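Sharing a structure, written as structure tokens. Questions coming.
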Amino acid sequence: MTQIQIAVTAPFVTVDHYSAITGIPKGTISRYINEGKIITKRKDKPKEKPLINMVAMNQIAAREAEQLVA
């Protein structure tokens, strides 16, 4: 079994930062959040900005990579 290690620089990032590091447009990111394709931290208040859970997103990416390699 192949072992994958991913360094996460921040556990949560804003939509703006996620857009900058992935190259995905902010509108697409918002749509993916609404569709459940991008995992966010639960909001304490309805008007809070969404924070993308980078730990969860990297775990999903690692699992998908393992499936492709296997």
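All values reported here derive from a predicted model rather than from experimental measurement.
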Point to revise | Cluster overlap Ile21 with Tyr32, hydrophobic side-chain contacts below 4.5 Å | key: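 Yes, it is one cluster - the side chains of Ile21 and Tyr32 are joined through contacts under 4.5 Å.
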| For Ala20, what residues pass the side-chain contact (heavy atoms from CB on, under 4.5 Å) criterion, not counting sequence neighbours? |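 Here no residue qualifies.
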Q. Considering residues at least two apart in sequence or located in another chain, which fulfil the side-chain contact (heavy atoms from CB on, under 4.5 Å) criterion with Glu64?
A.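 Glu64 satisfies side-chain contact (heavy atoms from CB on, under 4.5 Å) with Ile60 once adjacent residues are dropped.
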Applying side chain to side chain donor-acceptor pair (under 3.5 Å) as the test, list every pair that has at least one member in residues 15-29; sequence neighbours left out.
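As it turns out, the side chain to side chain donor-acceptor pair (under 3.5 Å) pairs with a partner in residues 15-29, which skip direct neighbours, are Asp16-Lys26.
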What pairs with Lys41 under side chain to side chain donor-acceptor pair (under 3.5 Å), at least two apart in sequence or on another chain?
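Per chain and number, Lys41 pairs via side chain to side chain donor-acceptor pair (under 3.5 Å) with no residue.
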Legend entry - Single-linkage hydrophobic cluster Ile29~Leu51, side-chain heavy atoms < 4.5 angstrom: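 Not linked; separate clusters.
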Qualifying side chain to side chain donor-acceptor pair (under 3.5 Å) pairs with a residue from residues 47-62, counting only residues at least two apart or across chains: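 Counting only pairs at least two positions apart or across chains, no side chain to side chain donor-acceptor pair (under 3.5 Å) contact touches residues 47-62.
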*Output all residues satisfying side chain to side chain donor-acceptor pair (under 3.5 Å) with Asp44, sequence neighbours left out; order by chain, then residue number.*
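Side chain to side chain donor-acceptor pair (under 3.5 Å) list for Asp44, sorted by chain: empty.
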- To the nearest 0.5 Å, tell me how far Thr40 OG1 sits from Met57 CE.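 Interatomic distance, Thr40 OG1 to Met57 CE, rounded to 0.5 Å: 10.0 Å.
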* Are Met54 and Ile33 in one and the same hydrophobic cluster, where Ile, Leu, Val, Met, Phe, Trp and Tyr link if side-chain heavy atoms are under 4.5 Å apart? ->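 Both belong to a single hydrophobic cluster.
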*Let me see the working for Ile39 and Ile52 under side chain to side chain contact (heavy atoms under 4.5 Å, CB included), right down to the final yes or no.*
CA-CA 6 Å; Ile39 299 169; Ile52 296 169; over 6 Å; no
